[in-house]
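These numbers were taken from a predicted model, which means no experiment stands behind them. In the text below, chain A, chain B and the rest are named by the order of the sequence lines, each starting its count at 1. The analysis underlying the following values was restricted to heavy atoms, covering all of them including side chains, and did not include hydrogens, waters or symmetry mates.
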Amino acid sequence: MNPLDRIGAVVSKEFRHLWRDPRAIAIVLLMPVVQLLLFAYAISFDVSHLPTIVVDADRTPASREYLRDYVGSPLFEIVEYADSPGAVEQAFLRNTAEVGVIVPAGFGRTLAGGGQAKVGVLIDGSEPNSARVAQAYTNALNLLATQQVAIAWADTQGVDVTGLGQLEPRVRTWYNPERRSAIFLIPGLIVVILAIVTVQQTAVSLVRERELGTAEQLTVSPLRRGELMLGKLLPWTLLAFIDLVVITALAVWVFGVPFRGDPGVLAAGAALFVFCCLGIGLVISAVAPSLDVANIAALLLTFLPAFLLSGFVFALNQIPVALQWFSMVFPARYMITVTRGVFLKGAGWGELWPELAALGIYAVVALAAASLLFSRRTR
Amino acid sequence: MTDDPGLAIRGLTKSFGEIEAVAGVELDVPRGAVFGLLGPDGAGKSTLIRMLATVLVPDAGDAEIFGLSAAHSPDRLTPRIGYMSQRFSMYPDLSVAENLEFFARIRGVPKPRRRERAPELLESMGMAPFAKRQARLLSGGMKQKLMLASTLMHDPDLLLLDEPTTGVDPVSRREFWRILADIHAEGRTVLVATPYMDEAERCTHVGFMDAGRITHSGTPQELKDAIPGTLLEVIAPDPRAVLAALRDQPGISGAHLLGNTVRVLVARRLADEAPPPGSAVIPDTVRDLLPANAEIRPVEMDMESVFSHLAEEAAA
């Protein structure tokens, strides 16, 4: 008789299911907070205080001078002073150090004699990210040391170098000047959390109706497929928005993630993205033969792509081209562009409309597919 | 009855892969009847009922229910039918009242009517004290009553019940049939599949289904009259031993226990030689199989015997 009343009936029923299931509430309301804390505190790509072992075989003022640069830097933390180069390998194997600096005997003498003094820097490459950063730091440090040696030499020769032309690069990092990984990760994390909450829950919801036999009872009623779908979508859309607000608030006030853009764009993007996810969830639900299959499919289709094929952790232009194309099948990549744009770059409608349009089209297709697949009556 | 159509099923067919579950069923059920659908497991009873309930789309044929096609206008039909599936199909985490409320609401029952109907139904079924209990915590019998109540919330004209009392204790079964009697008295049509022959006795009409077809249908009396033979009741100290002795003997087309007695259906040619029912003279072939102290007398035909006779006939 009245479609709105029927949809209302489904919505209030879904909320009842939710209130009766403490685990579901925990997943919806606590998981985002836990994940946020985990990613923001525990997982970090920031590299500093690299544990460093120093071997000074020269023991001259020159060698001490050279090593002082390492001691004074916040990037290195000297954990051990040793006498023989063998100690470096020992430290690597024990995982007590990741960088080894070896100053060989005769370092000071060679330097004083105008020769090319050699310094050994060993880096533990088993953790590539730290290794890369350590290499960059030590290179820079040695370049600086060489420069100082040259200036000192010029000084002794009575040459005034202050008149010498110099190049000074002014490199600036925009949007995340300190390059804190929390600021990079949290806008992406919002997307991952929204995807998990919505897809997982809707994926099991229709399957559960089938397993309970209640789907059959729904068939013997004037309730239409579209009404059932809508009734199931609305509560989760609301919960997804609660999650969005909670995470955004935590991100801005607790983790100091800047929010530079238009909240309207974020809200519009989130709404479209949630519809995409619910669509995917309902497609899984319509096709999956059992609850277990639905759960695993939801995990494979959201969790992994949201992590790996969205630019959340690995920049999309750094992954193989085939995977770049493949990533377009999942809505997370568009949404991560939106959240990073809004949070960090202050982007608005003008810049993000292609992503919003992609999400909109995706949502329509996914929901239509779900409705079609579910409307096939049982064989 | 014919000018007031109830159900008119014509050539209804449904296959699952290779298996033809319902094979061209032809059946008329008069309006206001309590129609018992009998038949062995796998005869196609559930598939037939699910097609009538518009849950399954038939491969061929159609069923006209109150003049509406089940295959073509399911949306006009569903508000007028209540379907109770074989397994429990309410939300286990919702309370009794919440389940009733939800299913009535999606069927378009207005709020004032829901508020009035739910307590009324629960009261009549002795479920009033359990309105707030979660459905998963109900006993088997109460679960069945909840499902029945749910199918009645929107005052359907036709109730389709698929083995509603299977696995339910005898007291609850009796109670359930008392409620069905009330529903019948209200003028609703009921089609109920049942494996229990004592329940078949309480139907106004019955149909016997086998291998996807309705092989016999009519009133219980008509079916009983069509069975050739005489039913004898045997009272003996060890009824189970008697039953075992009588099974599969030539000339005996069925035997079953009823309480502490054994009921034996003897074929007509034996009974023909015997005096009319009421006499204590029994065919010798039967007498010889029984203990000397057994008491034997002819009784009226019962549905159990009809059922086993028809099942055997179908198997042959």
Next on the checklist: If you count heavy-atom pairs within less than 4.5 Å of chain B, which of A/E227, A/R16, A/R224 leads?
Outcome noted: A/R16
Checklist entry - Do the non-hydrogen side-chain atoms of A/K13 and B/R105 ever get within less than 4.5 Å of each other? => result no
Checklist outcome for this item: Checking heavy-atom separations under 4.5 Å from chain A, one finds in residues 65-73 of chain B none
Checklist outcome for this item: The interface call for A/E209 against chain B, heavy-atom contacts under 4.5 Å, is side chain
Item to check | B/R50 side chain vs A/E216 backbone, donor-acceptor pair below 3.5 Å | outcome: no
Item to check | Closest heavy-atom pair and its distance - B/T78, A/T219 | outcome: CG2-O, 3.9 Å
Checklist entry - Does CZ in A/F15 sit with more than 12 non-hydrogen atoms of other residues, nucleotides or ligands closer than 6.0 Å? => result yes
Checklist entry - With a 4.0 Å cut-off, would you call B/K111 and A/D5 a salt bridge? => result no
Next on the checklist: Heavy-atom pairs under 4.5 Å with chain B: which of A/S12, A/A9, A/G213 has the most?
Outcome noted: A/A9
Checklist entry - Which members of residues 79-102 of chain B, sorted by number, sit under 4.5 angstrom from chain A on a heavy-atom basis? => result B/P79, B/I81, B/Y83, B/M84, B/S85, B/R87, B/F88, B/S89, B/M90, B/Y91, B/P92, B/D93, B/L94, B/S95, B/E98, B/F102
Item to check | Engaged part of A/R208 at the chain B interface, taking heavy atoms whose separation is under 4.5 Å | outcome: neither
Next on the checklist: Does A/R20 form a side-chain contact (heavy atoms from CB on, under 4.5 Å) with B/Q134? I'd like the steps, not just the answer.
Outcome noted: CA-CA 10 Å; A/R20 301 274 153 84; B/Q134 284 188 27; 3.7 Å; yes
Checklist outcome for this item: Minimal heavy-atom distance between A/S221 and B/I106, with the atoms involved, is OG-CD1, 3.6 Å
